[in-house]
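Below you'll find the structure, written out as structure tokens, and then a few comments.
Position 1 is the first residue of the sequence; numbering continues from there.
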Amino acid sequence: MADGPPRTTVSAWRPPVAGIAEVFHAHFTEHAYPSHTHDTWALMILNDGAVDFACDRHRHGVTGTGTVVLLPPGVAHDGRTVTAAGFRKRVLYLDATVLPEDLTGRAVDAPVFGDALLRHRIHQLHMSLGHAGDAHAGDSPADSAQADRAQAARAQAASAQAGDVFEAESRLAFIRERLHFHLDALRPTRTPGREAHRLAAVLRDLLDSRLATGLSLHEAAAVLHAHPTHLIRCFKQTYGLPPHAYLTGKRIEWARGLLLDGRRPAEVAATVGFHDQAHLNRHFTRHVGTTPARYAGM
């Protein structure tokens, strides 16, 4: 599908493969992600271009097709284009059945892997999931553009037969094995549960329990018996983004899942706690790079 600035495309779907919450393909020329978190692991490869991103307030740069990026759940990150040509990326959002959350501490400080074998295995998995993406790691921009058009045309029709699912599950198993190889070699430099400030952790639990209804800062301060500015400073120091940005990001992630389930944007807006569809559209476009309707192919 085409959306936004020229040469920007976004395609997302949920394959019938256990462990994969979402597949996301995009070509961005000007988009910048605000700081946000996911409940899932984000496993990204580039088709071409360059991207700059921060993970837990440390900046990283990735260029070309030689690396793999793994962003852990619950850790604040952002992302932005580096050149006018932007970047093309393919992302797998993986749940805790693929990688347990207790590996988060190992991944925070080293989210980029220069592993050609892992990159190739991820590419093969994308190929087996129904959208062609790029033909090989060294595609030309023209070939990638053609692939973008092809994958967008198939976005609504992508479906996996039993044999395709078996193949995808097999490829995912090898990816999981390779990721464990890297993460097991890293010494955990932090344990989120120990480092998380008690007050920030309680506030995050409160926000998670009130995604749909929301709550005001003063209400949160009253519940937790803390000064509002102290709450904000504590939360940002612990999680890398302020509470309101965390809440918005969680609502966007919830909305993505509902849209992929076939729910209409207006219904989704009300369900996840936005004032109306326009409110959802504004935040969704800022986070995802396309409107909710186009994201779901409606």
Side-chain angles (χ1 to χ4, degrees), residues 21 32-44 52-60 69-80 93-96 98-112 183 186-257 271-275 279-280 282-284 286-288:
Y33 287 100
S35 185
H36 62 287
T37 66
H38 293 289
D39 289 336
T40 55
W41 296 82
L43 184 62
M44 181 184 80
D52 174 86
F53 70 94
C55 180
D56 195 34
R57 291 161 282 190
H58 298 285
R59 299 218 70 84
H60 305 270
V69 176
L70 179 66
L71 300 174
V75 176
H77 59 276
D78 62 16
R80 61 194 181 199
Y93 291 98
L94 308 175
D95 64 29
V98 180
L99 291 174
E101 290 191 16
D102 60 14
L103 292 176
T104 294
R106 297 173 183 261
V108 166
D109 290 328
V112 181
L183 294 175
L186 295 172
R187 182 177 181 179
T189 58
R190 65 195 69 193
T191 304
R194 293 177 181 176
E195 288 191 357
H197 190 286
R198 181 196 65 81
L199 194 57
V202 175
L203 176 56
R204 187 163 83 159
D205 289 342
L206 181 60
L207 292 172
D208 287 343
S209 70
R210 299 279 293 272
L211 286 182
T213 58
L215 76 165
S216 69
L217 175 61
H218 291 286
E219 182 182 359
V223 170
L224 301 179
H225 306 288
H227 192 277
T229 57
H230 179 61
L231 271 183
I232 296 171
R233 290 192 183 102
C234 185
F235 194 95
K236 188 171 183 179
Q237 180 180 3
T238 303
Y239 297 114
L241 73 173
H244 74 272
Y246 172 82
L247 180 63
T248 298
K250 293 285 288 188
R251 285 172 168 169
I252 294 298
E253 185 172 32
W254 186 8
R256 289 171 73 156
T271 299
V272 305
F274 288 107
H275 298 308
H279 191 209
L280 169 65
R282 182 168 68 255
H283 287 289
F284 196 95
R286 183 166 174 256
H287 277 76
V288 185

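- Of all the heavy atoms in Val112 and His60, the pair that sits closest is CG2-CB, 4.4 Å.
- Partners of Val98 by side-chain contact (heavy atoms from CB on, under 4.5 Å), not counting sequence neighbours, listed by chain and number: Leu94, Asp95, Leu172, Arg176.
- Under the 6.0 Å cut-off for aromatic ring centres, His38 and His36 qualify, their centroids lying closer than that.
- We find the CD-CG distance between Glu219 and Leu224 to be 10.0 Å, quoted to the nearest 0.5 Å.
- For the pair Ile252/His283, a side-chain contact is recorded, criterion being any heavy-atom separation below 4.5 Å from C-beta on.
- Distance check, rounded to the nearest 0.5 Å: CG of Leu70 to OG1 of Thr104 gives 9.0 Å.
- Taking CZ of Arg251 as the reference point, atom NE2 of His287 lies at 11.5 Å (rounded to 0.5 Å).
- Leu103 is not listed as a side-chain neighbour of Pro72, based on a closest heavy-atom distance of 4.5 Å or more.
- A side chain to side chain contact (heavy atoms under 4.5 Å, CB included) with Glu253 holds for exactly one of Leu211, Thr40, Thr37; it is Thr40.
- Checking side-chain atoms of Thr248 against main-chain N and O of Ala245 turns up no donor-acceptor pair under 3.5 Å.
- The closest donor-acceptor contact from the side chain of Arg57 to the backbone of Gln237 lies under 3.5 Å.
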query: Checking side chain to side chain contact (heavy atoms under 4.5 Å, CB included) for the pair Lys250/Asp208: CA distance, chi angles, key distance, verdict?
result: CA-CA 8 Å; Lys250 293 285 288 188; Asp208 287 343; 3.4 Å; yes
- prompt: Do Leu199 and Phe235 pass the side chain to side chain contact (heavy atoms under 4.5 Å, CB included) test, and can you show the C-alpha distance, the side-chain angles, and the key distance before you say yes or no?
  reply: CA-CA 8 Å; Leu199 194 57; Phe235 194 95; over 6 Å; no
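- When all heavy atoms of Pro228 and His218 are compared, the closest pair comes out as CG-ND1, 3.9 Å.
- In this structure, His244 contributes its side chain and Pro242 its backbone to no donor-acceptor pair below 3.5 Å.
- Here the side chains of Pro243 and Leu231 are not in contact, with every heavy-atom distance at 4.5 Å or above.
- Side-chain contact check for Leu99 versus Leu43: every heavy-atom pair is 4.5 Å or farther apart.
- Every salt bridge (charged side-chain N to carboxylate O under 4.0 Å, His left out) that Asp52 has, sequence neighbours left out, goes to Arg59, Arg80.
- The two residues Phe53 and Val69 make their nearest non-hydrogen contact at CZ-CG1, 3.8 Å.
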message: Assess the residue pair Tyr246 and Tyr239 against the criterion (side chain to side chain contact (heavy atoms under 4.5 Å, CB included)); give the C-alpha distance rounded to whole Å, side-chain angles, the decisive distance to 0.1 Å, and a yes or no.
response: CA-CA 9 Å; Tyr246 172 82; Tyr239 297 114; 5.8 Å; no
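- Between the side chains of Thr213 and Arg210, at least one donor-acceptor pair of N or O atoms lies under 3.5 Å.
- When every heavy atom of Pro73 is checked against every heavy atom of Glu101, the shortest pair comes out as CG-CG, 3.9 Å.
- Scanning all heavy atoms of the two residues, the minimum distance from Ala110 to Leu186 falls at CB-CD1, 3.9 Å.
- Residues Asp78 and Ala54 share a closest heavy-atom pair of OD1-N, 2.8 Å.
- The OG1 atom of Thr271 lies 10.0 Å from the CG atom of Leu280; values are rounded to the nearest 0.5 Å.
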